[in-house]
Engineer: 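First the structure, which I've put down as structure tokens, then a few questions once you've had a look.
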Amino acid sequence: MNIEAEIQRRLSLIEQEEDVRIIYACESGSRAWGFASQDSDYDVRFIYVKKTADYLRIEKQRDVIETPIEGIYDINGWDLKKALGLLKKSNPTLIEWLESPIIYRCDDTLIPLLKPIVAEYFNQNALIHHYFNMAMNNWRNDIEKGNVTPKKYLYTLRPLLCIDWIKRYGSIPPVHFQSMIEALPEATGIQNEINWLLDIKAQGMETDSIKRNTVIDKYILSSFEYRREVESNIEQKQLDWNPLNEFFLRAICS
């Protein structure tokens with residue numbers, strides 16, 4: 001089966017059935033991060049534009065398209081207006097979509113104009129807060145309770161290292177995990193354990209269990225305190241709506 005061709009077929013079907021135009025579609029989650037398991041889904045996420053008249057209606061319009069998960073395909077998207085509103089808040093999920101290394105659809109006119117806006121609205125505090133809570137929740141809700149899998153370890157380590165990237169480089173962390181850790185001195189001391197986790201996850205299934213790893217546990221626990229202090233030391237940026245409004249008008253009129 002040609003997976004990408006099937007994804008393209010499903011995206012085209014969504015456009016037809018919903019009467020929308022998909023301007024961007026990408027892979028998110030473990031495949032985009034570079035540590036998919038043998039049974040990982042294809043988590044396709046997209047941004048779409050409706051007809052101009054739909055944006056002029058008095059009644060509130062639905063701003064998401066959610067399709068049922070069918071086999072390995074998990075395909076959902078956001079309306080552009082919703083996406084731009086979230087970008088104003090430096091929404092980490094949206095930023096990761098737009099930085100994904102696996103792209104299925106990309107409007108060659110609009111998306112290059114959007115990328116500088118993403119960088120402009122990138123808020124270090126928002127991402128640090130998101131990644132810290134993600135790591136803490138994965139640790140407390142799964143690993144500490146005995147649900148120990150390569151996936152849960154990686155889902156805890158990745159956001160902690162994303163914080164290190166933001167602290168060191170002041171920019172959006174690479175979505176591809178291996179690319180990020182190769183450029184992070186903070187990852188050097190745990191590189192062997194990360195490679196071990198990546199190998200096990202790539203060869204196994206999503207829910208395969210492993211024993212607790214004392215080196216990884218020690219690294220995670222020692223990481224929480226100093227990363228907790230990073231957020232308060234970063235200056236907030238104050239930005240207006242103008243670039244987003246201008247982009248939105250261009251998108252719906254094109």
Engineer: Does any part of the side chain of S90, heavy atoms only, come nearer than 4.5 Å to the side chain of Q124, both counted from C-beta?
Structural biologist: no
Engineer: Measuring from L157:CG to L197:CG, what's the distance to the nearest 0.5 Å?
Structural biologist: 6.5 Å
Engineer: What distance do H130 atom NE2 and I95 atom CD1 have between them, rounded to the nearest 0.5 Å?
Structural biologist: 9.5 Å
Engineer: Ignoring hydrogens and geometry, is there a side-chain-to-backbone donor-acceptor pair from N91 to L87 under 3.5 Å?
Structural biologist: no
Engineer: Within the structure provided, determine whether Y73 and D41 are in side-chain contact (heavy-atom separation under 4.5 Å).
Structural biologist: no
Engineer: Decide, yes or no, whether a salt bridge links K145 with D142 under the criterion of side-chain N to carboxylate O below 4.0 Å.
Structural biologist: no
Engineer: How far apart are the C-alpha atoms of I75 and I65, what are their side-chain angles, what is the distance that settles it, and do they pass the side-chain contact (heavy atoms from CB on, under 4.5 Å) test?
Structural biologist: CA-CA 9 Å; I75 305 178; I65 294 175; over 6 Å; no
Engineer: Are L221 and M136 connected in the hydrophobic side-chain network, where two residues link if heavy atoms are under 4.5 Å apart?
Structural biologist: yes
Engineer: Are N195 and Q191 close enough that a side-chain donor and a side-chain acceptor fall under 3.5 Å?
Structural biologist: yes
Engineer: Would you sort out whether V118 and F122 count as a side-chain contact (heavy atoms from CB on, under 4.5 Å), showing the intermediate values?
Structural biologist: CA-CA 6 Å; V118 174; F122 162 58; 5.7 Å; no
Engineer: Considering non-hydrogen atoms only, spot the tightest contact between R31 and S37 and give its length.
Structural biologist: NH2-O, 4.4 Å
Engineer: Should L13 and Y24 be regarded as members of a common hydrophobic cluster, given that ILVMFWY residues are connected when their side-chain heavy atoms come within less than 4.5 Å of each other, either directly or indirectly?
Structural biologist: no
Engineer: Quick check for you: to the nearest 0.5 Å, what is the distance between S222 atom OG and D217 atom CG?
Structural biologist: 10.5 Å
Engineer: For the residue pair L84 and N245, establish whether any side-chain heavy-atom pair is separated by less than 4.5 Å.
Structural biologist: no
Engineer: Less than 4.5 Å apart, any side-chain heavy atom of L94 and any of I47?
Structural biologist: yes
Engineer: Under the 3.5 angstrom rule, does the side chain of T149 hit a backbone N or O of D208 as a donor-acceptor pair?
Structural biologist: no
Engineer: Once rounded to the nearest 0.5 Å, what's the spacing between atom OH of Y219 and atom OG1 of T214?
Structural biologist: 15.5 Å
Engineer: Would the number of heavy atoms belonging to other residues, nucleotides or ligands and lying under 6.0 Å from NZ of K81 be above 12?
Structural biologist: no
Engineer: Should we count CZ of R168 as having more than 12 external heavy atoms under 6.0 Å?
Structural biologist: yes
Engineer: How close do Y153 and R212 get, heavy atom to heavy atom, and via which atoms?
Structural biologist: OH-CA, 3.5 Å
Engineer: So does T67 get a backbone contact from the side chain of N76, meaning a donor-acceptor N/O pair under 3.5 Å?
Structural biologist: yes
Engineer: Test F35 against every option in Q178, R158, K151, H176 by the side chain to side chain contact (heavy atoms under 4.5 Å, CB included) rule and name the one that passes.
Structural biologist: R158
Engineer: For the residue pair W33 and Y155, is the inter-centroid distance of their aromatic rings smaller than 6.0 Å?
Structural biologist: yes
Engineer: Which atoms form the tightest heavy-atom contact between F177 and I194, and what is the distance?
Structural biologist: CE2-CG2, 3.6 Å
Engineer: If we only count heavy atoms from C-beta on, is the S171 to I166 side-chain gap below 4.5 Å?
Structural biologist: no
Engineer: Is the backbone of L161 close enough, under 3.5 Å, to the side chain of Y131 for a donor and an acceptor to pair up by distance?
Structural biologist: no
Engineer: For H129 and N133, which I'm curious about, is there any donor-acceptor pair between the side chains at under 3.5 Å?
Structural biologist: yes
Engineer: Does a salt bridge link E6 with R10, judged by any charged N lying under 4.0 Å from a carboxylate O?
Structural biologist: yes
Engineer: So does E59 get a backbone contact from the side chain of R57, meaning a donor-acceptor N/O pair under 3.5 Å?
Structural biologist: no
Engineer: Is any side-chain heavy atom of K218 closer than 4.5 Å to one of I220?
Structural biologist: no
Engineer: So does A36 get a backbone contact from the side chain of S30, meaning a donor-acceptor N/O pair under 3.5 Å?
Structural biologist: no
Engineer: In terms of hydrophobic clusters joined by side-chain contacts under 4.5 Å, are V49 and V64 together?
Structural biologist: yes
Engineer: Using side-chain heavy atoms (C-beta onward) and a distance below 4.5 Å, is D63 in contact with W78?
Structural biologist: no
Engineer: Considering all heavy atoms of both residues, which atom of Q38 and which atom of A202 are nearest to each other, and what is their separation?
Structural biologist: NE2-O, 2.6 Å
Engineer: When you compare the side chain of N138 with that of I143, does any pair of heavy atoms fall below 4.5 Å?
Structural biologist: no
Engineer: How many angstroms lie between OG1 in T207 and CG in D39, if you round to the nearest 0.5 Å?
Structural biologist: 6.5 Å
Engineer: Decide whether I69 and I3 are clustered together by the hydrophobic rule: side chain heavy atoms of Ile, Leu, Val, Met, Phe, Trp, Tyr closer than 4.5 Å, transitively.
Structural biologist: no
Engineer: Cluster question for you: counting only ILVMFWY and a side-chain heavy-atom cut-off of under 4.5 Å, with indirect links fine, are I117 and I103 together?
Structural biologist: yes
Engineer: Of all heavy-atom pairs between K50 and Q61, which one has the smallest distance, and what is that distance?
Structural biologist: NZ-CB, 3.2 Å
Engineer: Among residues at least two apart in sequence or on other chains, which ones pass salt bridge (Lys or Arg N to Asp or Glu O under 4.0 Å) with E17?
Structural biologist: none
Engineer: Restricting to pairs with a member in residues 97-114, which pass side-chain hydrogen bond (donor to acceptor under 3.5 Å, both in side chains), not counting sequence neighbours?
Structural biologist: Q8-R105, S12-R105, E15-R105, E27-Y104
Engineer: Identify the heavy atoms of L184 and Y169 that sit nearest to each other, and give their distance.
Structural biologist: CD2-CE1, 4.1 Å
Engineer: Salt bridge or not for R45 and D74, using N-O below 4.0 Å?
Structural biologist: yes
Engineer: Is the NZ or CZ atom of R21 both under 6.0 Å from the centre of the six-membered ring of Y48 and within 45° of that ring's axis?
Structural biologist: no
Engineer: List the steps, then state whether side-chain contact (heavy atoms from CB on, under 4.5 Å) holds for F46 with L11.
Structural biologist: CA-CA 9 Å; F46 60 89; L11 291 173; 4.0 Å; yes
Engineer: What I want to find out is whether K51 reaches D19 closely enough, with some N-O distance under 4.0 Å, to be called a salt bridge.
Structural biologist: yes
